[in-house]
**Q** 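I am attaching a structure below and will ask some questions about it afterwards.
Remember, it's 1-based here, ligands and their atoms both numbered in the order they're listed.
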Amino acid sequence: MSSLIITGGVPLSGEVKVQGSKNAALPLLAASLLIKGTTILEHCPDISDVACMLDILKAVGCTVLREEETIIIDAQILKQTSVSRKEAEKMRSSISLLGALLGRASQARIPLPGGCSIGKRPVDIHLAALRSLGAEIEEKEELYARLKKCESKEIRFPYPSVGAVQNVILASVVSEAVVVMKNCAREPEVEELCTFLNQAGANIQGGGTDTIIVYGVKELREIRYTIRSDRIAAGTFLAMAAATKGSVTIQGINPFELSAVTEVFAKIGCHVKLYTDAICLEAYKGIRGIPFLKTMPYPGFPTDMQSQVISTLICAKGNSVIRETVFENRFGAAIELQKIKADIRINKRDQLVVIHGRDKRCLCPAVLQAPDLRGGAALVIAALIVEGTSTIKHMEYVERGYENISGVIHTLGGICCRENEI
Ligand code: UD1
């Protein structure tokens with residue numbers, strides 16, 4: 001267990017370079033299993049979810065080498081096709097190994113991922129889609145799956161699930177089949193998986209749109225690939241500056257992927273400038289509330305930024321209303337923020353949070369428990385606003401997705417100190 005002790009009340013200002021994307025890196029690491037040779041991934045984030053995925057790859061037989069931001073995976077030899085409960089439990093996205101192992105070895109045994117603090121997160125859409133390709137899947141505590149021959153099919157997803165689309169791509173990319181997918185998730189991380197695989201010799205059309213067609217190929221070749229920057233980490237750093245009336249320049253990010261987020265920051269009164277691969281945000285004049293904002297699949301406002309935006313708005317002028325539409329239990333941070341005397345009302349039935357912006361002097365420091373990865377980041381933002389010293393416990397959730405967040409805070413002139421606890 002680790003904690004972050006933050007002395008808030010200081011505007012955060014400066015320039016940061018963004019880590020590689022967590023949600024892009026994880027499916028690419030799973031996809032490396034499909035390449036019977038070496039995959040070199042550059043700009044890979046140094047976060048615990050990546051470490052966990054690398055442990056799983058090693059356990060199934062890959063040789064893995066990490067040199068700073070570069071990861072080299074040799075998947076020439078696969079020793080086994082099962083993932084142990086201990087490893088899978090640490091990370092929900094171990095489910096992407098289901099498609100990858102079926103694609104590589106025609107079989108897989110993976111513990112059924114349980115729910116998590118943000119929602120039940122079933123895998124029914126993944127399983128139905130894989131079954132329609134011809135997979136036989138037995139669901140007990142573990143998933144026992146076989147896919148002797150991937151069949152050509154048209155699949156219409158009932159919901160644009162990011163993970164389910166990625167799983168179908170992974171299961172079908174090396175096959176004799178043609179798979180047409182409709183109502184696909186359009187998240188940049190789906191597009192990135194397609195780009196990565198295409199550069200390795202795949203033939204996938206339409207990544208990043210709602211219709212993706214996989215024309216199966218015989219095999220994939222070795223590849224060196226640079227992972228794009230993490231749009232949610234970038235959005236979180238923008239939120240830190242907006243919340244503390246500071247200014248930040250984020251380097252190495254494609255602003256187009258963050259349009260829905262930068263639009264919101266502009267609406268609440270921040271001065272936002274977009275460059276080819278950078279975003280500048282200034283919030284010296286303070287911010288105002290947003291009458292209504294709802295989370296949506298891409299290109300809508302990302303659920304992964306919902307908690308951070310709630311924290312940003314606790315001292316805004318006026319009221320804000322936020323609706324969560326993607327996950328059914330994602331208000332853990334909002335509940336926790338009541339401990340610092342933020343004026344937040346939560347209506348779970350309608351998935352709504354109402355924030356009455358307060359003067360900063362009405363808030364008080366507190367000991368807060370990170371409820372999940374993004375919720376923990378939101379508490380960090382809130383503690384940066386509050387004058388006095390707050391403690392965020394369970395930073396291990398945050399470290400699943402953020403590389404050296406205390407280092408970023410220091411770079412921006414914030415005051416914090418990380419502590420390990422037993
Ligand atoms: C990915 C991201 C996560 C992000 C989410 C939505 C990774 C590693 N994680 O998660 O950070 O918050 O997209 O943008 O990329 N659902 C079902 N049945 C299924 C699959 C999903 O009901 O079989 C539901 C989920 O419970 C959730 C919604 O669909 O309510 C969206 O889930 P999905 O798009 O699959 O998210 P993930 O791929 O798990």
Side-chain angles (χ1 to χ4, degrees), residues 20-31 45 47-50 52-53 56 88 90-100 110 112-132 137 139 143 155-170 181 183-193 196 208 210 227-228 230-233 235-236 257-258 260-261 294-309 323-333 351 372-378 397-398 400-402:
S21 161
K22 167 179 99 70
N23 288 354
L26 295 171
L28 299 197
L29 289 168
I47 52 176
S48 59
D49 268 12
V50 163
C52 178
M53 187 60 108
I56 297 177
K90 283 194 219 151
M91 193 185 49
R92 251 201 71 88
S93 46
S94 57
I95 189 70
S96 59
L97 291 157
L98 180 59
I110 292 184
L112 200 54
C116 72
S117 60
I118 63 170
K120 288 194 230 72
R121 304 187 80 172
V123 288
D124 54 325
I125 302 173
H126 298 240
L127 302 190
L130 292 171
R131 282 183 176 125
S132 75
I137 306 174
E139 283 173 74
L143 295 167
I155 296 168
R156 169 167 282 278
F157 291 100
Y159 183 90
S161 156
V162 175
V165 172
Q166 291 173 332
N167 248 331
V168 170
I169 293 171
L170 291 167
M181 286 178 270
N183 196 27
C184 293
R186 289 178 284 165
E187 267 68 2
E189 295 76 23
V190 172
E191 187 196 350
E192 183 146 21
L193 175 64
F196 167 84
D210 64 357
I227 297 170
R228 71 179 79 178
D230 194 306
R231 63 191 170 102
I232 304 300
T236 304
E257 293 178 359
L258 265 173
V261 174
K294 65 174 175 181
T295 63
M296 288 292 281
Y298 192 85
F301 186 84
T303 173
D304 284 355
M305 277 300 296
Q306 176 254 100
S307 311
Q308 299 92 311
V309 161
R323 169 171 278 150
E324 171 59 47
T325 75
V326 180
F327 290 105
E328 70 276 15
N329 191 25
R330 204 161 199 184
F331 291 140
Q351 292 277 56
D372 56 78
L373 162 59
R374 307 299 171 190
Y397 285 125
V398 178
R400 282 185 38 215
Y402 291 90

**Q** For D49 and R92: C-alpha separation, side-chain torsions, deciding distance, then whether salt bridge (charged side-chain N to carboxylate O under 4.0 Å, His left out) applies.
**A** CA-CA 9 Å; D49 268 12; R92 251 201 71 88; over 6 Å; no

**Q** Can you report which non-hydrogen protein atom sits closest to atom 18 (N) of ligand 1, along with the distance?
**A**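 Result: D124 OD1, 2.7 Å.
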
**Q** Is it the case that ligand 1 has an N or O less than 3.5 angstrom from some N or O of V162?
**A**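 So ligand 1 has an N or O lying under 3.5 Å from an N or O of V162.
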
**Q** For the atom pair CG (L373) and OG (S307), what is the distance rounded to the nearest 0.5 Å?
**A**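 So the CG of L373 and the OG of S307 are separated by 9.5 Å.
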
**Q** Rounded at 0.5 Å granularity, tell me how far CG in L26 sits from CE in M53.
**A**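 Those atoms lie 5.0 Å apart.
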
**Q** Excluding sequence neighbours, so at least two apart, what forms ring pair (Phe, Tyr, Trp, His ring centres under 6.0 Å) with F331?
**A**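 Testing F331 for ring pair (Phe, Tyr, Trp, His ring centres under 6.0 Å), a comparison that skips the adjacent residues, returns none.
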
**Q** Considering non-hydrogen atoms of the protein only, which is the closest contact for atom 35 (O) of ligand 1, and what is the distance?
**A**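 Of the protein heavy atoms, S161 OG, 2.6 Å lies nearest.
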
**Q** Below 3.5 angstrom, do we get any N/O pair linking E328 and ligand 1?
**A**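 No, since none of the N or O atoms of E328 sits under 3.5 Å from an N or O of ligand 1.
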
**Q** If you count the atoms of ligand 1 from 1 in the order shown, which ones are under 4.0 Å from a heavy atom of Y159?
**A**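 Numbered from 1, ligand 1 contributes 28 (C), 29 (O), 31 (C).
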
**Q** For R330 and ligand 1, answer yes if some heavy atom of the residue is under 4.0 Å from a ligand atom, otherwise no.
**A**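 R330 counts as a contact of ligand 1 under the 4.0 Å cut-off.
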
**Q** In Å, rounded to the nearest 0.5 Å, how long is the span from CZ of R231 to CD of E187?
**A**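 Taking CZ in R231 and CD in E187, the distance rounds to 6.0 Å.
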
**Q** Which protein non-hydrogen atom lies closest to atom 15 (O) of ligand 1, naming both residue and atom, and how far is it?
**A**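 For atom 15 (O) of ligand 1, the nearest protein heavy atom is N23 CG, 3.2 Å.
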
**Q** Please report whether ligand 1 has a polar contact with F327, defined as an N or O pair separated by less than 3.5 Å (distance criterion only).
**A**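 Checking ligand 1 against F327, no N or O pair falls under 3.5 Å apart.
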
**Q** Is there a donor in the side chain of Q351 and an acceptor in the side chain of T325, or the other way round, less than 3.5 Å apart?
**A**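 No, because no side-chain N or O of Q351 sits under 3.5 Å from a partner of the opposite role on T325.
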
**Q** What atoms of ligand 1 come closer than 4.0 angstrom to any heavy atom of G163?
**A**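 In order of number, 35 (O), 38 (O).
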
**Q** May I ask you to check if ligand 1 and K22 share an N or O to N or O distance below 3.5 Å?
**A**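 No - when backbone and side-chain N and O of K22 are compared with those of ligand 1, no distance drops under 3.5 Å.
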
**Q** Using a strict 4.0 Å cut-off to heavy atoms of T303, name the atoms of ligand 1 that fall inside it.
**A**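 So the answer, numbered in order with elements, is 6 (C), 12 (O).
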
**Q** If you define the side chain from C-beta out and look only at heavy atoms, does anything of V50 sit under 4.5 Å from K22?
**A**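 Contact flag for V50/K22 side chains = no.
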
**Q** Of E324, K294, R323, which is the lone residue that meets side chain to side chain donor-acceptor pair (under 3.5 Å) with Q306?
**A**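 The side chain to side chain donor-acceptor pair (under 3.5 Å) with Q306 is passed solely by E324 among E324, K294, R323.
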
**Q** Looking at CD1 of I95 and OG of S161, how far apart are the two atoms once the value is rounded to the nearest 0.5 Å?
**A**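 The CD1 atom of I95 sits 10.0 Å away from the OG atom of S161.
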
**Q** Would you check whether R121 has a nitrogen or oxygen atom less than 3.5 angstrom from a nitrogen or oxygen atom of ligand 1?
**A**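 Yes, at least one N or O pair falls under 3.5 Å.
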
**Q** For ligand 1, which atoms, with element, lie under 4.0 Å from some heavy atom of D304?
**A**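 Reading through ligand 1 atom by atom, the close ones are 3 (C), 4 (C), 11 (O), 12 (O).
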
**Q** Check whether any side-chain heavy atom of M91 sits under 4.5 Å from a side-chain heavy atom of I56, and report yes or no.
**A**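 A side-chain contact exists here, since the closest heavy-atom pair is under 4.5 Å.
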
**Q** Among all protein heavy atoms, pick out the one at the shortest distance from atom 14 (O) of ligand 1; state its residue, atom name and that distance to 0.1 Å.
**A**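 Heavy-atom neighbour on the protein nearest atom 14 (O) of ligand 1: E187 OE2, 3.8 Å.
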
**Q** Nearest 0.5 Å, please: how far is CD in Q166 from CG in L98?
**A**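 Separation between the atoms: 13.0 Å.
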
**Q** Quick one: nearest non-hydrogen protein atom to atom 23 (O) of ligand 1, plus distance?
**A**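 Closest protein heavy atom to atom 23 (O) of ligand 1: I125 N, 2.7 Å.
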
**Q** Does R92 reach ligand 1 with a nitrogen or oxygen that is under 3.5 Å from one of the ligand's nitrogen or oxygen atoms?
**A**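 No - when backbone and side-chain N and O of R92 are compared with those of ligand 1, no distance drops under 3.5 Å.
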
**Q** Considering only the protein, which heavy-atom contact is closest to atom 30 (O) of ligand 1, and what is its distance?
**A**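 So the nearest neighbour among protein heavy atoms is V326 O, 2.5 Å.
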
**Q** Under 3.5 Å, N or O to N or O, is P122 touching ligand 1 that way?
**A**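 Yes; at least one N/O pair falls below 3.5 Å.
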
